[in-house]
Amino acid sequence: MANSSSAMLLGGSGNEVSGLAWEASPIRHVSKDDPPFLIMHGDMDKIVPLQQSQAFAKALREAGVAVNLVVLKGVGHGGREFLEPAQLKVINAFLNEHLHSK
């Protein structure tokens, strides 16, 4: 789609920027020295397919990076559901685990 956010970021869409899109993809840059990741994704997201987060989480795990993928049922792309008390608990636990000195 020519006026999608990714098309605007990359300066075009389709075949004209497919190589650039592939190079810009975070999955291309996964390495064992990456920091831990918390990925939260709504299973009803119409902007970013859930499969992208699943593939990214898998690549991180395969590289030995700590990753927590949380799939929010019935949730789209962003919104208040990501900040519900249950999600804040997950976020706080992740930050406490990975940011506090051991």
Side-chain angles (χ1 to χ4, degrees):
M1 198 180 301
N3 35 339
S4 69
S5 55
S6 58
M8 288 188 281
L9 175 68
L10 298 173
S13 63
N15 290 335
E16 63 193 60
V17 294
S18 63
L20 183 58
W22 177 239
E23 287 300 318
S25 175
I27 202 167
R28 291 263 301 136
H29 303 283
V30 168
S31 66
K32 66 182 179 184
D33 60 343
D34 285 342
F37 273 79
L38 171 60
I39 303 169
M40 300 180 89
H41 201 119
D43 69 351
M44 301 301 287
D45 191 332
K46 291 181 178 17
I47 297 173
V48 178
L50 176 57
Q51 293 81 2
Q52 284 188 13
S53 287
Q54 292 168 329
F56 187 48
K58 181 180 181 204
L60 289 164
R61 277 189 204 99
E62 288 173 353
V65 176
V67 60
N68 184 4
L69 172 61
V70 178
V71 178
L72 303 176
K73 305 282 186 227
V75 175
H77 188 83
R80 62 180 173 75
E81 297 90 351
F82 286 83
L83 297 175
E84 294 288 329
Q87 299 347 310
L88 292 178
K89 221 171 157 179
V90 170
I91 294 166
N92 286 331
F94 177 84
L95 293 174
N96 284 329
E97 178 181 355
H98 296 288
L99 293 182
H100 287 163
S101 300
K102 295 190 177 189

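These numbers were taken from a predicted model, which means no experiment stands behind them.
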Is there a path of hydrophobic side-chain contacts, each under 4.5 Å between heavy atoms of I/L/V/M/F/W/Y residues, joining [Y] to [X]?
X: Phe94; Y: Met40; result: yes
X: Leu83; Y: Leu38; result: yes
X: Ile91; Y: Phe37; result: no
X: Phe56; Y: Val70; result: no
X: Leu95; Y: Val90; result: yes

Residue pair [X] / [Y]: nearest heavy atoms and the distance that separates them:
X: Val17; Y: Gly11; result: CG1-C, 4.4 Å
X: Val75; Y: Gly78; result: CG1-O, 4.4 Å
X: Val30; Y: Ala63; result: CG1-CB, 3.7 Å
X: His98; Y: Ala66; result: CE1-CB, 3.9 Å

- Query: Going by the salt bridge (charged side-chain N to carboxylate O under 4.0 Å, His left out) test, which pairs reach into residues 17-30, not counting sequence neighbours?
  - Reply: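 For residues 17-30: Glu23-Arg28.
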
Rounded distance (nearest 0.5 Å) linking atom [atom1] of [X] with atom [atom2] of [Y]:
X: Leu50; Y: Leu69; atom1: CG; atom2: CG; result: 7.0 Å
X: Ile39; Y: Gln52; atom1: CD1; atom2: CD; result: 11.0 Å
X: Ile27; Y: Lys58; atom1: CD1; atom2: NZ; result: 9.0 Å

- Quick one: does Asn92's side chain have a donor or acceptor within less than 3.5 Å of a partner on Lys89's backbone?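 Side chain of Asn92 to backbone of Lys89: no pair is present.
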
- So, does His41 use its side chain to make a donor-acceptor pair with the main chain of Val48 at under 3.5 Å?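 Between the backbone of Val48 and the side chain of His41 there is a qualifying donor-acceptor contact (under 3.5 Å).
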
- Message: With side-chain hydrogen bond (donor to acceptor under 3.5 Å, both in side chains) as the rule and sequence neighbours excluded, what pairs involving residues 62-84 come up?
- Response: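 Checked against side-chain hydrogen bond (donor to acceptor under 3.5 Å, both in side chains) - neighbours excluded - the pairs reaching residues 62-84 are Asp45-His77, Arg80-Glu84.
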
